[in-house]
Amino acid sequence: MDGAQTPVTAPVLILLGPPGAGKGTQARMLEEQFGLVQLSTGDLLRSAVAAGTEAGQAADAVMKAGGLVSDEIVIAVLTDRLADADCAKGVVLDGFPRTTAQAEALDEMLARSGQTITAAISLEVDDVKMVRRVAGRFTCGDCGEGYHEDFKPTKKPGVCDACGSTSMTHRADDNAKTAMSRLDAYHVKTAPLIEYYEQKAALRRVDAMGSIDRIGQDIAQIVRGA
Ligand code: ADP
Ligand code: ZN
């Protein structure tokens, strides 16, 4: 088992919430504000798919169908990334853990370097609205800035506000049908983690139906107090 010398020293934040809750947006804000490293297993898996690695090949169809990639693959991908030197600054996990087995694996990984989770922040949203949120979103292919057709359009159509690029990308799994499957997977496999972290007294709930900035402020307050 590698990852024994995982260099993470602090803090370790987890963002929990259904697809579309804003985990990626808030993780990017935390990265800028607190100098943390955003670790998105969704991004890591999409890179693996694009690179055609063995893990990527195994994950591709499952992701397109809106299911969960196997714990074995996801834990391996995350463990690998967590061992990189930059993660010593502290990390914000976005989309991991998503199952109890993943949460237990993370606890073990951290325990090996004498660490525990700083906080598991649950983004509380109105589920029914998540499908539309997911289906309307797109990303700048150059700088990674996230947008939404209704809630956060670019100022000039098709042009990134942040970097001026015109290469916008839309995730293959961001459509209404797949979003429903992802929401189901969330309820069955991931929602129990709320209880898991509540029992460890690590859970913090945030109302995530407000403005992006408001939610960001609430989360920042939790991080400062942690
Ligand atoms: P979202 O949170 O909007 O669903 P992500 O980018 O986090 O988007 O995940 C996209 C897809 O990647 C998921 O639907 C799933 O197939 C896969 N995935 C990401 N993280 C995990 C994980 N921790 N365990 C299993 N599958 C995952
Ligand atoms: Zn851009």
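Atoms within a ligand are numbered from 1 in the order they appear, just like the ligands themselves. The figures here come from the full heavy-atom set of this structure, side chains too, leaving out hydrogens, waters and symmetry mates.
The only option from Thr41, Asp86, Asp43 that meets the side chain to side chain donor-acceptor pair (under 3.5 Å) definition with Arg81 turns out to be Asp86.
Protein N/O/S atoms found under 2.8 Å from the Zn ion (ligand 2), listed by chain and residue number: Cys140 SG, Cys143 SG, Cys160 SG, Cys163 SG.
Look at Glu149 and Arg133 and you find no salt bridge, because none of the NZ, NE, NH1 or NH2 atoms lies under 4.0 Å from a carboxylate O. In this structure, Glu145 pairs ionically with Lys152, as a charged nitrogen and a carboxylate oxygen lie closer than 4.0 Å. Look at Glu124 and Arg204 and you find no salt bridge, because none of the NZ, NE, NH1 or NH2 atoms lies under 4.0 Å from a carboxylate O.
Under the side chain to side chain contact (heavy atoms under 4.5 Å, CB included) criterion, Ala101 pairs with Asp71, Thr99, sequence neighbours left out.
At a 4.0 Å heavy-atom cut-off, ligand 1 does not touch Arg133 at all. Contacts with ligand 1 closer than 4.0 Å are made by side-chain heavy atoms of Asp173 only, the backbone lying farther away. Heavy atoms of Asp94 found under 4.0 angstrom from ligand 1: none, in either backbone or side chain. Here Val74 has side-chain heavy atoms under 4.0 Å from ligand 1, and that is the only part of it that gets that close.
To the nearest 0.5 angstrom, Met63 atom CE is 10.5 Å from Leu68 atom CG.
Summarising the contacts of atom 12 (O) of ligand 1 with Lys23, Met63, Arg46, the nearest heavy atom is found in Met63. Looking at Arg137, Arg171, Met130, Arg98 and measuring to atom 13 (C) of ligand 1, the nearest heavy atom belongs to Arg98.
Protein heavy atom closest to atom 18 (N) of ligand 1, with residue, atom name and distance, is Leu45 CD1, 3.5 Å. For atom 20 (N) of ligand 1, the closest heavy atom belonging to the protein is Thr41 OG1, 2.8 Å. Protein heavy atom nearest atom 26 (N) of ligand 1, with residue, atom name and distance: Val69 N, 3.1 Å.
At a 3.5 angstrom cut-off on N or O pairs, Val62 does not count as close to ligand 1. For the pair Phe96 and ligand 1, the shortest N or O to N or O distance does not fall below 3.5 Å. Taking any N or O of Gln102, backbone or side chain, at least one lies under 3.5 Å from an N or O belonging to ligand 1. Below 3.5 Å of separation, one finds an N or O of Arg182 facing an N or O of ligand 1.
Within the 4.0 Å heavy-atom cutoff, Lys189 does not count among the residues contacting ligand 1. Residue contacts with ligand 1 include Gly67, since one or more of its heavy atoms lies under 4.0 Å from the ligand.
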request  = Show the numbers, then the answer: is there a side chain to side chain contact (heavy atoms under 4.5 Å, CB included) between Leu203 and Leu16?
outcome  = CA-CA 10 Å; Leu203 190 78; Leu16 288 173; 4.2 Å; yes
request  = Begin with the C-alpha distance, continue with both residues' side-chain angles, and end with the deciding distance and a verdict on side chain to side chain contact (heavy atoms under 4.5 Å, CB included) for Arg171 and Arg46.
outcome  = CA-CA 9 Å; Arg171 272 167 47 178; Arg46 279 185 287 279; 3.2 Å; yes
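Under 3.5 Å, the side chains of Ser70 and Glu72 contain no donor-acceptor pair of N or O atoms.
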Name each donor-acceptor pair under 3.5 Å that joins a side chain in residues 209-226 to protein atoms two or more places apart or in another chain, with its distance.
{"from": "Ser211", "atom 1": "OG", "to": "Arg214", "atom 2": "N", "distance (Å)": "3.1"}
{"from": "Arg214", "atom 1": "NH2", "to": "Asp218", "atom 2": "OD1", "distance (Å)": "2.8"}

Using residues 182-193 as the side-chain source, report each donor-acceptor pair under 3.5 Å to any protein atom, sequence neighbours left out, with the distance given to one decimal.
{"from": "Arg182", "atom 1": "NH1", "to": "Asp173", "atom 2": "O", "distance (Å)": "2.6"}
{"from": "Arg182", "atom 1": "NH1", "to": "Asp174", "atom 2": "OD1", "distance (Å)": "3.1"}
{"from": "Arg182", "atom 1": "NH2", "to": "Asp174", "atom 2": "OD1", "distance (Å)": "3.4"}
{"from": "His187", "atom 1": "NE2", "to": "Asp127", "atom 2": "OD2", "distance (Å)": "2.4"}
{"from": "Thr190", "atom 1": "OG1", "to": "Arg98", "atom 2": "O", "distance (Å)": "2.7"}

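Nearest heavy-atom pair, Ser165 versus Asp142, reported as atom, atom and distance to 0.1 Å: OG-OD2, 2.5 Å.
Following chains of ILVMFWY side-chain contacts shorter than 4.5 Å, one cannot reach Leu15 starting from Met109, and the two form parts of different hydrophobic clusters.
Of all the atoms in ligand 1, the ones that sit under 4.0 Å from a non-hydrogen atom of Gly42 are 5 (P), 6 (O), 9 (O), 19 (C), 20 (N).
Without hydrogens or angle criteria, Lys23 side chain to Pro18 main chain gives a donor-acceptor distance under 3.5 Å.
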